[in-house]
Amino acid sequence: QVQLVESGGGLVQAGGSLRLSCALSGRTFSNYAMGWLRQALGKEREFVAAISWSGVCTSYADSVKGRFTISRDNAKNTVYLQMNSLKPEDTAVYYCAAIATLGVVTTKNKYDYWGQGTQVTVSS
């Protein structure tokens, strides 16, 4: 059974940075494409970023392009989301997700496994 555990959320001022981490256990990490999605209060969960099994291919939502970077370390079974130039509208619960496929997955409903989420709050 795949388990995902996120960490790194918190409170930051606008313009600041945070790095989220998500560790996968229970299966071979490199067999999974990974994604980060977020859900703000009262809104639907939305795609943020995704990365292929090898880390070569990535994809970003337009709202975070140029500010966020997704990466992975297959030796550490961990995917990261570096978030720079944070804005109040980035405030949300951030979830990492996994799917047993090779390529990038940008559709939230295709992911098979989800973490519990980590809160990111950006103050103005």
Side-chain angles (χ1 to χ4, degrees):
Q1 182 72 14
V2 171
Q3 291 188 320
L4 299 171
V5 178
E6 301 103 333
S7 61
L11 173 64
V12 64
Q13 288 187 332
S17 298
L18 282 175
R19 188 176 82 154
L20 306 183
S21 301
C22 173
L24 183 150
S25 62
R27 290 292 185 271
T28 302
F29 182 63
S30 58
N31 288 344
Y32 292 84
M34 302 296 295
W36 286 97
L37 300 95
R38 67 187 181 186
Q39 187 166 16
L41 195 63
K43 296 187 178 181
E44 291 189 359
R45 195 169 298 187
E46 64 176 4
F47 167 77
V48 174
I51 191 166
S52 63
W53 73 276
S54 65
V56 171
C57 297
T58 58
S59 182
Y60 297 91
D62 287 344
S63 59
V64 307
K65 205 169 292 184
R67 301 187 297 122
F68 291 11
T69 302
I70 188 171
S71 61
R72 65 189 294 159
D73 185 338
N74 286 352
K76 295 183 178 180
N77 295 347
T78 302
V79 62
Y80 305 96
L81 185 68
Q82 178 67 44
M83 305 185 293
N84 298 329
S85 302
L86 282 160
K87 304 176 181 180
E89 51 263 44
D90 294 317
T91 295
V93 177
Y94 283 71
Y95 298 89
C96 75
I99 177 172
T101 193
L102 301 181
V104 168
V105 176
T106 61
T107 305
K108 61 182 179 181
N109 294 335
K110 290 187 175 180
Y111 283 96
D112 296 319
Y113 303 99
W114 294 82
Q116 81 286 353
T118 185
Q119 177 71 46
V120 171
T121 303
V122 184
S123 63
S124 57

Test question: given the 4.5 Å side-chain rule for I, L, V, M, F, W and Y, name all other residues clustered with Leu102, or answer none. Trp53
Minimum heavy-atom distance Leu37-Ala97, with the two atoms named: CD1-CB, 3.9 Å
Let me check something: do Ile70 and Leu86 share a hydrophobic cluster, defined by ILVMFWY side-chain heavy atoms less than 4.5 Å apart, either directly or through other members? yes
To the nearest 0.5 Å, what is the distance between CD (Gln3) and CZ (Arg27)? 10.5 Å
Mind checking side-chain contact (heavy atoms from CB on, under 4.5 Å) for Ala100 and listing every partner two or more places apart, or none if nothing turns up? Tyr32
Tell me the closest heavy-atom pair linking Leu81 and Ala49, and the distance in Å. CD1-CB, 4.1 Å
Using the side-chain contact (heavy atoms from CB on, under 4.5 Å) criterion, which residues pair with Ala23? Sequence neighbours excluded. Thr78
Within one Ile-Leu-Val-Met-Phe-Trp-Tyr cluster: Ile51 and Val105, side-chain cutoff 4.5 Å: no
Sequence neighbours left out, what pairs pass disulfide (SG to SG under 2.5 Å) with at least one residue falling in residues 47-91? none
On a heavy-atom basis, which atom in Val79 and which in Ser71 lie closest, and how many Å separate them? CG2-O, 3.2 Å
Quick one: pull up CG in Leu24 and CG in Leu4 and give me the separation to the nearest 0.5 Å. 5.0 Å
Which residue pairs pass the side-chain hydrogen bond (donor to acceptor under 3.5 Å, both in side chains) test when at least one of the two sits in residues 88-100, sequence neighbours left out? Arg38-Asp90, Arg38-Tyr94, Arg67-Asp90
Can you see which heavy atom on Gln39 is nearest to which on Glu44, and at what distance? CG-C, 4.0 Å
Please collect all disulfide (SG to SG under 2.5 Å) contacts where either partner lies in residues 74-124, sequence neighbours excluded, each pair once. Cys22-Cys96
Heavy-atom pair of closest approach, residues Tyr111 and Ala50: OH-CB, 3.6 Å
Inter- and intrachain pairs under side-chain hydrogen bond (donor to acceptor under 3.5 Å, both in side chains), touching residues 7-19, at least two apart: Ser17-Asn84
I need the full list of side-chain hydrogen bond (donor to acceptor under 3.5 Å, both in side chains) pairs touching residues 112-124, with sequence neighbours left out, sorted by first then second residue. Glu6-Gln116, Gln119-Thr121
Taking only residues two or more places apart in sequence or in another chain, which ones pass salt bridge (Lys or Arg N to Asp or Glu O under 4.0 Å) with Lys65? Asp62
Which salt bridge (charged side-chain N to carboxylate O under 4.0 Å, His left out) pairs, counting each pair once, include a residue from residues 71-83, with sequence neighbours left out? none
side-chain contact (heavy atoms from CB on, under 4.5 Å) against Thr106, all qualifying residues, sequence neighbours excluded: Phe47, Ser59, Val104
Not counting sequence neighbours, which residues clear side-chain contact (heavy atoms from CB on, under 4.5 Å) with Thr69? List them please. Tyr60, Gln82
Between the side chain of Thr107 and the main-chain N/O of Asn109, is any donor-acceptor distance below 3.5 Å? no
Contact between Tyr80 and Leu20 at the side-chain level, heavy atoms closer than 4.5 Å - yes or no? no
Of all heavy-atom pairs between Ile99 and Lys110, which one has the smallest distance, and what is that distance? CD1-O, 3.1 Å
